[in-house]
Amino acid sequence: IANNVRIGIIESTYNAKSGNEWYDFKSFIEFKYFTSVTSLTSGMGTDYRGEFGNCSLLEEIELPTTITSISITYPNTSIFDGCSSLKSIDLSNVININGYSDIGFKNCSSLESVLYNDAVQNVLAHTNCSNLRMSSLPSGLTIIKGNTFRNCSKITITELPATCNTIQITVSGNYGA
């Protein structure tokens with residue numbers, strides 16, 4: 001695929017367009033070669049489904065090591081939304097996570113693990129990720145925002161990092177801090 005690539009979603013599959021040709025992916029480990037990408041940013045407006053929104057066939061993705069930042073700039077938006085076949089993701093190179101809501105994973109029902117860098121101070125929110133199994137948090141975490149583990153019933157975190165000084169609580173609905 002050429003350097004001039006438009007990434008998009010059509011008919012619930014992940015695809016990329018180069019020139020007039022579309023390429024569909026069940027696996028997108030090739031993304032690791034997009035080394036000019038340094039950040040994932042979701043910010044197309046309210047209710048935008050994210051860069052990998054509704055990619056129900058996407059089972060695996062390997063992010064470029066150059067991605068060190070994830071930003072979510074509008075409410076009700078996320079990076080991975082409806083990626084129901086995605087099983088795990090390595091975010092160990094990402095050291096900066098920020099934004100309006102920080103919803104990174106929404107309706108990713110097969111997602112079992114997310115690997116975070118220990119230096120990250122904020123983890124992405126995981127909403128309706130019913131198979132997510134996390135037993136520990138990054139050691140540099142300073143805040144757990146409300147809804148971080150909303151409807152994630154398999155979370156087994158028993159100890160917070162010593163650096164965590166803020167836990168935000170959401171008081172309505174079926175939410176998990």
Side-chain angles (χ1 to χ4, degrees), residues 1 5 7-16 22-35 37-42 48-72 76-97 99 101-120 122-141 144-145 147-159 161 174-177:
I1 299 175
V5 175
I7 299 173
I9 309 305
I10 291 183
E11 298 176 9
S12 300
T13 62
Y14 183 79
N15 55 65
W22 284 98
Y23 301 90
D24 290 335
F25 299 101
K26 189 172 186 179
S27 170
F28 194 27
I29 57 172
E30 295 85 356
F31 190 36
K32 67 183 175 186
Y33 299 114
F34 288 58
T35 56
V37 178
T38 59
S39 176
L40 288 179
T41 303
S42 181
Y48 174 64
R49 292 193 57 102
E51 282 63 23
F52 299 94
N54 211 28
C55 297
S56 61
L57 299 178
L58 184 65
E59 293 178 358
E60 60 181 340
I61 184 168
E62 190 168 336
L63 299 180
T65 58
T66 53
I67 292 181
T68 58
S69 174
I70 295 177
S71 298
I72 300 167
N76 300 316
T77 64
S78 64
I79 301 291
F80 296 91
D81 186 350
C83 297
S84 57
S85 297
L86 185 64
K87 294 189 186 305
S88 66
I89 190 163
D90 182 345
L91 299 178
S92 60
N93 289 312
V94 176
I95 55 172
N96 185 24
I97 296 173
S101 64
D102 299 333
I103 299 174
F105 303 94
K106 184 176 180 183
N107 302 318
C108 297
S109 57
S110 295
L111 187 64
E112 294 179 1
S113 68
V114 179
L115 179 62
Y116 286 100
N117 186 310
D118 272 337
V120 76
N122 175 31
V123 295
L124 292 164
H126 312 82
T127 301
N128 301 325
C129 298
S130 56
N131 281 305
L132 183 62
R133 292 168 174 83
M134 289 183 78
S135 58
S136 64
L137 293 168
S139 60
L141 190 72
I144 299 174
K145 295 185 176 184
N147 301 326
T148 296
F149 299 109
R150 179 183 178 189
N151 296 326
C152 297
S153 59
K154 295 186 179 175
I155 299 294
T156 59
I157 297 167
T158 58
E159 188 174 331
N174 184 17
Y175 300 95

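In this text the structure is predicted, and so the values were computed from the model without any measurement.
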### Message
Rounded at 0.5 Å granularity, tell me how far CG in Asp118 sits from CG in Leu137.
### Response
10.0 Å
## Note on the structure
Paired with Leu91, the side-chain contact (heavy atoms from CB on, under 4.5 Å) test is passed by just one of Val120, Leu63, Ile67, Leu115, namely Leu63
### Query
To the nearest 0.5 Å, how far apart are CD1 in Ile79 and SG in Cys108?
11.5 Å
### Task
List the atom of Ser92, the atom of Asp90, and the distance in Å for their closest heavy-atom pair.
OG-OD1, 2.6 Å
### Query
Is the Phe149 ring parallel, tilted or perpendicular to the His126 ring (thresholds 30°, 60°)?
parallel
### Query
What closest approach, in Å, do Ser130 and Ser153 show between heavy atoms, and which atom pair accounts for it?
O-OG, 3.9 Å
### Derivation of the side-chain contact (heavy atoms from CB on, under 4.5 Å) call for Met134 and Thr156
CA-CA 6 Å; Met134 289 183 78; Thr156 59; over 6 Å; no
### Message
Using modelled atom types and a 3.5 Å cut-off, is there a donor and acceptor pairing between side-chain atoms of Tyr116 and backbone atoms of Val94?
### Response
no
### Task
State the SG-CD1 distance between Cys152 and Ile157, to the nearest 0.5 angstrom.
9.5 Å
## Note on the structure
Lys154 and Asn131 have their tightest heavy-atom pair at NZ-OD1, 2.8 Å
## Note on the structure
Heavy atoms of Cys129 and Leu111 approach each other most closely as SG-CD2, 4.3 Å
### Query
Step by step, would you call Ser85 with Glu59 a side-chain contact (heavy atoms from CB on, under 4.5 Å)?
CA-CA 5 Å; Ser85 297; Glu59 293 178 358; 3.9 Å; yes
### Message
Quick one, Thr127 with Phe105, criterion side-chain contact (heavy atoms from CB on, under 4.5 Å). Give me CA distance, side-chain angles, the key distance, then yes/no.
### Response
CA-CA 6 Å; Thr127 301; Phe105 303 94; over 6 Å; no
### Query
From Thr68 OG1 over to Ile95 CD1, what is the distance, rounded to the nearest 0.5 angstrom?
5.5 Å
### Query
Does any non-hydrogen side-chain atom of Ile70 lie less than 4.5 Å from one of Asn96?
no
### Task
Locate the shortest heavy-atom distance separating Ser139 from Pro161; write the atom from each residue and the value.
O-CB, 3.6 Å
### Query
What is the distance from atom CD of Glu112 to atom NZ of Lys87, rounded to the nearest 0.5 Å?
6.0 Å
### Query
Any donor-acceptor pair under 3.5 Å linking the side chain of Ser110 with the backbone of Ser84?
yes
### Message
Please check: side-chain N/O of Arg150 versus main-chain N/O of Thr148, any donor-acceptor pairing under 3.5 Å?
### Response
no
### Query
Just how far is it from atom OG of Ser69 to atom CG of Asn93, taken to the nearest 0.5 Å?
12.5 Å
### Message
Could you tell me if the side chain of Val123 sits less than 4.5 Å from the side chain of Leu141, heavy atoms only?
### Response
yes
### Message
Determine whether a donor-acceptor pair (N or O, by modelled atom type, separation under 3.5 Å) exists between the side chain of Asn107 and the backbone of Asn128.
### Response
no
